[in-house]
Structures are given as structure tokens and as C-alpha cells.
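Presented below is the structure to which this report refers.
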Amino acid sequence: MTAQRPGPGPTRWVRRALRGEVSGPVAEMPMIALGHQLTLSACLVIGSLLLDGTRIERPRLYWGGDLLVHALTLLLVIGMILARRSDAGAARFERRALFLVPVLDLLVLAVARWGLVDAPVLRGALMTLPAVWLAAQLRYRGVGLALGISVMSVVVGLVIAPGQAMTVLARGFSLTLLIGALGMVVASIVSRLDETSRRNALIADAIGAVEVVIQLDGSLRSRGRLKGAGRDVPVQELLDDPVFTENGRYPVRPDRNPLARVRGGAELDGQAVWTEADGNRIALSISSTRLDDGRMLMVVHDVTTSLAAVLQEEQFLAGISHELKTPLTSIAGYVELLADEAEDADAVPSATVRSHLGVVSRNVDRLRSLIMGLLDSARTSSDHIGSASAPEHRTSLTRLVAEQIEAIGPRARGRGLSIVTAGLEEDVELVNADPERLGQAVDNLLSNAVTYSHDQGTIRVSLAVDEGRARLQVADEGIGIDAEDLDSLFTPYFRARSATRAGISGNGLGLMITRRIVRAHGGEVEISSTLGQGTAITLVLPLART
């Protein structure tokens with residue numbers, strides 16, 4: 001069993017705090033801490049004015065304590081002013097001061113309070129101010145530290161005023177109870193706020209959001225980190241001009257830049273813009289709200305994936321509309337032409353009519369191919385082949401591949417292609433597979449191989465079984481695919497650049513449909529290709545799908 005490393009003990013933790021190495025709560029709220037210290041000094045001054053001739057039993061102790069507290073206040077003010085000249089110096093000074101000052105206040109008051117024991121002025125009650133400060137900064141550790149100093153104060157009081165033991169004990173322990181109660185309330189509230197803050201930070205990290213507080217004078221402070229290409233770039237740099245509109249085409253006018261609008265006090269609700277980070281285009285969504293008269297809260301997160309998907313859908317609709325419109329326009333034109341020619345059938349040669357009908361037929365086939373591709377895309381998007389409750393059935397993958405090779409044979413021979421097979425001698429059976437859908441997947445691979453091969457080339461089809469999985473590979477020696485296009489091959493209607501350069505027609509649905517069918521069987525599709533040398537596509541299918 002591996003032993004757990006113990007956490008830092010109290011002594012080690014205090015040493016780290018004194019060196020300014022404690023981060024987190026100790027480094028927060030410097031201005032609030034300064035307010036606590038100024039309030040404590042003001043209360044001491046007011047308490048001194050209210051003495052009204054009260055005899056001070058130990059004036060050196062009493063006034064010495066006041067002077068020490070005032071000196072700490074002065075040093076804190078001067079130190080914060082000087083430290084602000086350097087960001088690093090300010091951070092280190094604040095970490096030390098926010099731990100040391102309330103502790104020193106408590107120690108001074110714990111002793112100096114007994115300079116006046118009998119008077120009704122409860123100087124010791126002022127110990128609650130630094131105690132609350134410690135509880136807010138250090139949570140329950142601060143409460144424990146304040147209680148320890150308060151108990152120590154009772155012991156010191158018994159030593160300084162042994163003849164007034166009952167008064168010392170009564171005042172000492174009542175104040176200890178008050179410090180404990182106040183400290184626990186403050187620590188529990190701040191701890192809950194911490195938990196809420198951590199949850200919000202976790203959510204922001206999970207979605208890659210950055211929270212930015214903007215002063216209306218122009219300065220800003222951000223927390224969190226974007227995901228994706230912009231994770232290491234400050235938000236203000238990402239939103240510097242130029243940024244582009246939601247469709248990514250047009251630059252946003254400088255006065256409409258979301259950062260400029262938020263600095264001007266505008267409240268945004270998910271404004272999306274495109275920008276660039278390290279050579280990559282990214283989309284950002286910006287929302288903002290007013291915190292108070294001088295501050296705005298802006299939340300930024302990366303929506304590149306979702307917005308790109310929306311734009312891709314729009315491009316798809318535009319593309320498919322064009323693809324459907326073109327053959328329909330051609331069909332309509334030739335049908336109208338045939339109608340005109342039918343009025344004077346004797347003057348129009350039958351060969352011309354047959355030529356026109358051939359154009360119509362080709363466009364009808366093209367429309368049918370597009371529509372069937374759309375139907376197949378919709379059908380395979382929700383395919384789940386096989387079920388634990390369905391009766392078991394077996395499909396011969398070997399026979400299915402052989403049938404598809406036979407079907408594609410005439411097309412291959414028409415281009416002088418030869419198909420070489422390996423591994424089809426052994427019968428490979430799949431349990432609970434859909435032969436119709438798998439046949440479509442294999443046909444897609446063979447059709448692509450024939451389409452993209454060079455004339456007189458060779459297509460190799462191999463089938464093997466490896467660790468409970470069948471591996472069917474179709475490899476050609478054709479035009480190949482650019483390396484940059486490999487990741488996009490399964491995107492609907494995507495055409496590789498090598499195919500478009502070669503002028504080879506297609507609708508960009510075959511591989512997407514093939515992968516959906518294979519994944520519905522619990523398998524995966526693997527692709528390797530070298531531009532100008534050929535492509536190999538492998539279907540990896542489990543032998544038993546349950």
C-alpha cells in the first residue's frame with residue numbers, strides 16, 4: 001500500500017506564510033483588509049476619547065498598545081503604496097501583510113487590553129476585528145489562530161492582574177466565545193462562497209470560458225482559460241481588430257467590436273465573432289452584464305466547433321440545392337425542347353430525340369443518386385445493428401465480399417482494372433450483422449477503388465481475422481488523397497482536392513455512410529493514402545455484435 005504524503009503541518013504552514021509563499025485566500029482582498037485596519041485604529045482613537053477621566057491602571061501598557069496598532073496601520077498604508085509600483089512586489093507584500101498584520105493586532109490587543117481592567121470600556125472587544133479578518137482570509141485556520149491568541153490573552157491577564165482574576169476570567173472567556181462564534185460564522189460563509197466560486201471555475205474550465213471584469217476606465221482582469229487554439233492567447237488580443245462577423249466573411253466595424261462595446265457599457269447576449277490565433281481561425285461567443293456603475297462582467301468562450309458545424313450545414317444546404325437545381329434545370333429544358341419537337345415529329349430525326357432523352361435520363365440518374373445518398377445519410381445516422389434480445393443470426397462476410405466483387409466486375413473490366421483477392425478462401429462469419437447494409441458499405445469501397453484508380457491498374461481486396469475482429473481491406477493504385485484532406489473524408493459532401501482536380505464526379509457521401517454502417521456494427525474504418533500512389537481503406541468489424 002502506498003503511504004499518503006502528509007499535508008503541511010501548522011508550523012510549516014506558518015513559515016510559508018511568513019515568507020509570502022501561501023497563495024489562494026491569503027492573497028485576496030487587500031483593500032478590504034486595509035479597511036479593517038483603518039477601522040481598528042479609528043475605534044482605538046474613539047475609545048480613548050470616551051475614557052472621560054477614567055483612571056488607567058497601567059498607562060504604558062494601554063497607550064503602548066494603541067501606538068503599536070497605529071504604527072501597524074501606517075506601515076500597512078505605506079507598504080501598499082510602495083508595493084503598487086511593482087506587480088510582483090505588491091503580490092508578495094500583500095501575502096505577507098495580510099497574514100502578519102491581523103496576527104500582530106491580536107497579539108498587541110491581547111496584552112494591551114489588560115492596561116485597563118475595571119473600566120467599562122471593553123478594549124478587548126476590538127480583538128473581534130482582526131479575528132474576523134483572519135477568519136475571512138484563512139477560514140477555519142484563522143478561527144483557530146484567533147481563539148488560541150484569545151485564550152493566551154486570558155493567561156496573560158491573570159499574570160498582569162492577579163488580584164482581579166474573576167474579572168479577567170469573565171471578560172476573557174466571554175470574548176473568546178464571541179470571537180469563536182463570529183469567526184465560525186464568517187469562515188462558514190466564506191467557505192461556501194469558495195465552494196461556489198470553485199464550482200463556477202470548474203464549469204468555466206470545462207466549457208473553456210474566460211471571465212473578464214472590465215473597469216469602465218478601460219482596465220480589465222480575466223480569470224479562466226479558453227479551449228482550443230486560443231487557450232494561450234489573452235482575450236484582449238483575440239478581440240483586437242480585425243474580428244469578423246458570425247458568418248466569418250466580413251470584418252466587424254471598430255465601433256461594433258464586442259470588447260469596445262462592453263467597455264462602453266453595452267450588455268451583449270452571445271455575440272459571435274471570428275478571429276485568429278496562431279494561424280488558426282476560431283469563433284468566440286461574448287456575453288456581458290453590468291456589475292455596478294463602474295464595472296462590467298464579460299464571459300467569453302470558444303464556439304468554433306458548434307459555429308463551424310452551423311456554417312457547414314448552411315454550406316451543405318446551399319451545395320445540395322445547387323446540385324439538385326442543375327439536373328432539374330437541364331431536365332426541364334430538354335423536356336420543353338422535346339415538346340416543341342413533338343409538334344413537328346416528321347422534321348426532327350429520331351437520333352436527335354434519342355440524344356435529348358439520353359440527357360434527360362442521365363440527369364434523372366444523377367438526381368436519383370443524390371436523393372438516395374440523402375436517404376442513406378438519414379437512415380444510417382440512427383442505425384444500431386444487433387440487439388441482445390434479438391435471435392442470433394450469422395452472415396458470411398466472405399460470400400458477401402465475393403458477391404460485391406462479382407457485381408463490380410464489369411465496371412472494373414471496362415477500365416482494364418484487375419481485382420486481386422486474398423483471404424477469401426476461408427469462410428468468415430459475422431454474428432447479428434445486417435448483410436444488406438454491410439453489402440452497401442463494401443460496394444462503396446469497391447466503387448471508390450474503381451472510380452479513383454488509373455486505367456489498367458490493380459485493386460487488391462484482402463480479408464483476415466485478428467483477435468476476434470474481421471479486417472477487410474480494399475486498396476487501389478489510383479490518384480490518392482492529400483494528407484490535409486484525410487481528417488475531413490467523413491464529412492458529408494466533402495470532396496478531396498485530388499478528386500476535384502481530376503474532374504471526377506461524386507457527391508461526397510459514400511465514406512460517411514460507410515463509416516456509419518460500420519460503427520453501427522461496433523466497428524471502425526481506417527484509411528491510409530499517398531497522393532499519386534493510391535488509397536487503402538480497411539473495415540474493422542467484430543465477429544459477434546450483441
Can you give me every donor-acceptor pair (side chain of residues 468-482, partner residue at least two apart or in another chain, under 3.5 Å) with its distance?
from: R471; atom 1: NH2; to: E526; atom 2: OE1; distance (Å): 2.9
from: Q473; atom 1: NE2; to: T538; atom 2: OG1; distance (Å): 3.0
from: D476; atom 1: OD1; to: G478; atom 2: N; distance (Å): 2.9
from: D476; atom 1: OD1; to: T535; atom 2: N; distance (Å): 3.1
from: E477; atom 1: OE2; to: R460; atom 2: NH1; distance (Å): 2.8
from: D482; atom 1: OD1; to: R501; atom 2: NH2; distance (Å): 3.0

Using side-chain hydrogen bond (donor to acceptor under 3.5 Å, both in side chains) as the criterion, point out the one residue from D443, N444, N448 that pairs with T514. N444

Between N257 and V252 (side chain of the first, backbone of the second, donor and acceptor by atom type, cut-off under 3.5 Å), is there such a pair? no

What I'd like to find out is whether the side chain of E484 reaches to under 4.5 Å of the side chain of R497, using heavy atoms alone. yes

Look only at the side chain of T275 and the backbone of L238, and say whether a donor-acceptor pair between them is shorter than 3.5 Å. yes

For R399, does the CZ atom have more than 12 heavy-atom neighbours from other residues, nucleotides or ligands under 6.0 Å away? no

Is there a side-chain contact between V273 and I286 (heavy atoms, below 4.5 Å)? yes

Applying side chain to side chain donor-acceptor pair (under 3.5 Å), can you list everything that pairs with T398, at least two apart in sequence or on another chain? none

Note, L417 side chain near Q456 side chain (heavy atom, < 4.5 Å): no

Mark yes or no for whether T530, through its side chain, and Q533, through its backbone, hold a donor-acceptor pair below 3.5 Å. no

OG-CD1 distance between S498 and I504, expressed to the nearest 0.5 angstrom: 7.5 Å

Rounded distance [0.5 Å steps], OG in S287 versus CG in L268: 7.5 Å

Side chains of L446 and V401: does their closest heavy-atom pair fall under 4.5 Å? no

Who passes salt bridge (charged side-chain N to carboxylate O under 4.0 Å, His left out) against D487, sequence neighbours left out? none

Separation between CD (Q271) and CZ (R261), nearest 0.5 Å, reads 5.0 Å

Heavy atoms, side chains only, cut-off 4.5 Å: are I527 and F490 in contact? yes

Sidechain N-carboxylate O distance under 4.0 Å for E276, R281: no

Gap separating the CG atom of L430 from the CG atom of L400, nearest 0.5 angstrom: 8.5 Å

Set out, in order, the CA-CA distance, both residues' side-chain angles and the distance that settles side chain to side chain contact (heavy atoms under 4.5 Å, CB included) for L259 and Q236, then state yes or no. CA-CA 8 Å; L259 181 57; Q236 56 268 34; 4.2 Å; yes

Could you verify whether a donor N or O on one side chain and an acceptor N or O on the other, from R413 and S418, lie under 3.5 Å apart? no

Close side-chain approach of S191 and Y140, heavy atoms under 4.5 Å: yes

N432 vs T395, side chain to side chain contact (heavy atoms under 4.5 Å, CB included): CA-CA, chis, key distance, verdict: CA-CA 7 Å; N432 290 344; T395 299; over 6 Å; no

Using modelled atom types and a 3.5 Å cut-off, is there a donor and acceptor pairing between side-chain atoms of H521 and backbone atoms of A433? no

Donor-acceptor check, side chain of W274 to backbone of V243, threshold 3.5 angstrom: yes or no? no

Gap between atom CG of L539 and atom CZ of R515 - 0.5 Å precision: 12.5 Å

Given side chains that start at C-beta, do those of L543 and E429 come closer than 4.5 Å, heavy atoms only? no

Pairwise side-chain contact, L445 with V461, heavy-atom cut-off 4.5 Å (strictly under): no

Exceeds 12 heavy-atom contacts within 6.0 angstrom, atom CG of D455: yes

Out of curiosity, L541 CG to I517 CD1, how far, rounded to the nearest 0.5 Å? 10.5 Å

